[in-house]
Undergrad: 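First, the structure itself, so that you have it in front of you.
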Number of protein chains: 2
Amino acid sequence: MRKRILISDIAKSLGISVTTVSFILNGKAKEKRISEGLTKRVLDYVKKVGYKPNQLAQSLRTGQSKILGLIVEDISNPFFSNVAKDIEKIAYDNGYHIIYCSMDNDATKAKELIQLFYDRQVDGYIITPPEGLEDTLSNLNKNNVPLVLFDRYIPTLETHYVVLDNFKGAFEATSHLLANPQNKKVGYVSLYSNQTQMRDRLEGYMKAIDDHQQQAYIKKIKIDEEEGEAIEQLHAFMHDNRLDAVLFATNYLAIDGLKAVKQYGMNLPHMVAFDDHTLFKLHEPAISVVTQDTSAIANELIHTLLNEIKGKNKELQKIVIPCELQVRGSSVISQETLEQTS
Amino acid sequence: MRKRILISDIAKSLGISVTTVSFILNGKAKEKRISEGLTKRVLDYVKKVGYKPNQLAQSLRTGQSKILGLIVEDISNPFFSNVAKDIEKIAYDNGYHIIYCSMDNDATKAKELIQLFYDRQVDGYIITPPEGLEDTLSNLNKNNVPLVLFDRYIPTLETHYVVLDNFKGAFEATSHLLANPQNKKVGYVSLYSNQTQMRDRLEGYMKAIDDHQQQAYIKKIKIDEEEGEAIEQLHAFMHDNRLDAVLFATNYLAIDGLKAVKQYGMNLPHMVAFDDHTLFKLHEPAISVVTQDTSAIANELIHTLLNEIKGKNKELQKIVIPCELQVRGSSVISQETLEQTS
DNA sequence: CTGAAAGCGCTAACAT
DNA sequence: ATGTTAGCGCTTTCAG
C-alpha cells in the first residue's frame, strides 16, 4: 500500500512527458509511433514501481466507469447468486467490475437502483425486470444505454435479453408427471405475475395438460405473500383438490410447498420445481427440477453486454437457453412408498 | 434519464456563483452565512430539475469515494449473503455503497481484491480474513485505512472486529448433546484451519467434553476438500466411531454430513450445526443449530466502520455477539425414532 | 515522435 | 455573504 504514484511522477523520473506515458499506457504507442525502446522502458518502469492509474480520474475524463450494474430479483436466491458469481468473474477478466443489488420484485426500488447506477455512471446494465418497469427501461433504451434483460423480458421493448426456454421446461416437466399413469390430477403453482417467464411456464403446463386432455389445477400466490399465508394456501390447494402431482414455478414456491406438506403432515405429492436448490438434492425424497445452466446464462449475458458497449452487436440478441429436466425421487417413487415415507 | 445537469447550470440559471450552490448543497449554508431565502431557493430549484452531483468528480476532488468494500468468504452461503444484505441497506441509508466479493478462503484472491478496492479508492473495508492475510491487513492498518474484521480476527493485529461468541456457542451445543444420556460418543467436525472462529468453537467443544469427562472425537476436513471425498470421510468418521451425536462447525460441513448419511443409508446421529440454512428447517428431522443474529452483526460492522471513517472511534472495538442454540428435532428425537425415520 | 495545455465536474481556499 | 479560481489525476487535441 505504498503511497499513490502519479503519471506525472513517471514522466518526471523518465524525463519524458505525461502524454507519452499516457499514450503508451493506453496501447497507442505504435499508433503514435513511439519508439519500441521507449515503450518498453516505460512499461518496465511502470511495472517496477507498481503504478496503477487513478480510475476515478480516468472515468471522469473518459466518461467510462468500467462498472456494470447488475440488478437481480433476490441475490440470496441461489439461482441468482450463482449467475452473479459467474458474471462477476467474466467481467473481471474483461477489466470490468460489477455492482449488484436486489430489487425484491419492487419496481420502485428497481427504479431507484437504476437511477443510482446512472448517477454512478455505470457503463451498462443487466436487469431482471419486475413488472412496472417498462417506462424506465424504455427510457434507458432510447438513450442508448447498454442494457441486457435476463430471466424475463418486456415484450413491447426491443432490448437484448437472455432467457430460459420456459415453455419447453414446463411442458416437459408436466408431461413427465402426466406420463405416470398414477398421476391423474397434476396441479401447477405459480405467482400472480405477468412476467414472461411466468406466462411461458404456464403455457407449457397448459399445453401438456391439454395434450393429455386433463383438467388444469392452477394456484397463484401473491408475489409478496407472507410465508405463513402462502403455506396455508398451498396446503389447501394440494389437499382440497387431492392432487397427485404438482409443478412449482420457482424454487421458493416449491420450498413453501414442502413446508406445507411438513407442517400439515400431508403425503408428498409427486412434484417438480423450477431452479435447483441444495435443499432439493438432500430432501427425502430428492426433488426433481427443471434446471438452468447458470454459467451459460452468465456467459451470454456478459458477452452481449460487453459487445453492446463496444458497439459490436449488429442486431438484437434474443437468446433462449435450453433447460434440462432432472428427474429425482420426488416424481418417480411410487405413491405407496411416498405415503410410507412421509 | 434527462441529460446531465451541472452545478454551473444551476448557478447560471439562478444568477449566482457555483461556490454558493456548492456550499448550500454541502450543508454549509449557515456556516457560510448564506441567507435562508437563497438557500431555500437553491434547494427547491435543485429538486425541481433533479440535479445530482457527479459522484466521480466529487470523489476525485474530495478523495472520498463513498464506497465500502466487503470481502466475504462466500457470498452464496446464506449466512454471508444475509449479512451482506443488511450491511448494504444500512450503508445506503448513510449515503454509502457496497461493493462485495467472495474470496473463497483464498489469501491470494483476497489480496488481489483488497488491491483492487484500494485502486478504486474505497473508503473502508469489511473483511472475513482467510489465513495468510496478516501482512496485507497489517499494512492496511499501518496506513490508517478504515478496517473492520468479521466472523474471525487476527489475534496479532490490533483491528476492530465483530465476531460471534463461538466458544460459548460450541460449548452450549455440545453440552446440550451430552445432556442426553443416550449420547455417549459426541464427535466434532471442523476444518483444518487456525482461524479464530474455528479455534474457539473447538475449545468450546473440548470444554464441554472435558466437563463431562468424555472422550473427544474430532474430525477435520480440508478447507478446499472435494465434496465427494469430504462425504466419504464424514461417513467413515461417524460410522467407524459409532458416534451418537455430532456437532458441525459450519453449515456446509453439516450439509456434507447429511449427504453422507443419505448416501450411505446411515442412521442419523443426533446433531447440531453452526449457522442456519433453509435446508435445516425443512429436513426431516429438522436440524438444531447455533444461530447468529445476522442483522446485529451487520449493524455493529457498518457502524464501527462508519465511525472509524469519521474518526469517531475512541478505542478499538472488539465486539462479540452472543449466539443462540435453537433446538430442533435432530438433537432431541429419541434414537429409536431416528432409526425408523432414516 | 513528443510536449503544453485544455478540460471532465466538483470543492474550497482566498478574495472581496 | 458571495464570487474567482486553482486544482483532484487523467486523456487527448494541437503544435511543434
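What you see below is based on every heavy atom in this structure, not just the backbone, and it leaves out hydrogens, waters and symmetry mates. So you know, we letter chains A, B, ... as the sequences are listed, proteins then strands, and number each from 1.
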Undergrad: Of the nucleotides C:dC10, D:dG3, C:dG3, which has the atom closest to the A:T20 side chain?
TA: C:dG3
Undergrad: Tell me: CG of B:N26 to P of C:dC10, nearest whole Å?
TA: 11 Å
Undergrad: How many whole angstroms separate atom CD1 of A:I7 from atom P of C:dA4?
TA: 14 Å
Undergrad: Could you work out which one of C:dG3, D:dC10, D:dT5 sits closest to the side chain of A:F23?
TA: C:dG3
Undergrad: Classify the ring geometry between B:F79 and B:F150 as parallel (under 30°), tilted (30 to 60°) or perpendicular (over 60°).
TA: tilted
Undergrad: Rounded to whole angstrom units, what separation is found between the CD1 atom of B:I34 and the P atom of D:dT2?
TA: 6 Å
Undergrad: Could you state the atom-to-atom distance from NZ of B:K28 to P of C:dC10 in whole Å?
TA: 15 Å
Undergrad: Rounded to whole Å, please give me the gap between CD1 in B:I24 and P in C:dA12.
TA: 15 Å
Undergrad: Determine the minimum heavy-atom distance between A:P146 and A:D123, stating which atoms define it.
TA: CG-O, 3.3 Å
Undergrad: Rounded off to whole Å, could you give me the CD1-to-P distance for the B:I5 and C:dC8 pair?
TA: 16 Å
Undergrad: Would you call B:D74 and A:K85 a salt bridge, using N to O less than 4.0 angstrom?
TA: yes
Undergrad: Applying ring-ring contact (aromatic ring centres under 6.0 Å, His included), can you list everything that pairs with A:Y45, at least two apart in sequence or on another chain?
TA: none
Undergrad: Which nucleotide in the set D:dG3, D:dA1, D:dT11 lies at the smallest distance from any side-chain heavy atom of B:I16?
TA: D:dG3
Undergrad: If you take atom types as modelled and just measure distance, does the side chain of B:S22 reach the base of C:dA12 with a donor-acceptor pair under 3.5 Å?
TA: no
Undergrad: Counting only side-chain nitrogens and oxygens, does B:Y51 get under 4.0 Å of the OP1 or OP2 atom of C:dG9?
TA: no
Undergrad: From D:dT2, C:dG3, D:dC10, pick the nucleotide closest to the side chain of A:L6?
TA: D:dC10
Undergrad: Hey, does the side-chain of A:T19 have a donor or acceptor N/O within less than 3.5 Å of a partner on the base of D:dT11?
TA: no
Undergrad: Using whole Å, what does the distance between atom C1' of nucleotide D:dT2 and atom CZ of B:R33 come to?
TA: 12 Å
Undergrad: Between B:K89 and B:D93 (salt bridge meaning N to carboxylate O under 4.0 Å), is one present in this structure?
TA: yes
Undergrad: Any Lys/Arg nitrogen of B:R152 or B:E73 sitting under 4.0 Å from an Asp/Glu carboxylate oxygen of the other?
TA: yes
Undergrad: What integer distance in Å separates B:R41:CZ from D:dA1:C1'?
TA: 14 Å
Undergrad: Taking OP1 and OP2 of C:dT2, is either one under 4.0 Å from a side-chain nitrogen or oxygen of A:K32?
TA: no
Undergrad: Taking only heavy atoms on the protein side, list every residue of residues 53-63 of chain A lying under 4.0 Å from any atom of DNA chain C, sorted numerically.
TA: A:L60, A:R61
Undergrad: Taking everything shown except A:K312 itself, do over 12 heavy atoms lie less than 6.0 Å from its NZ?
TA: no
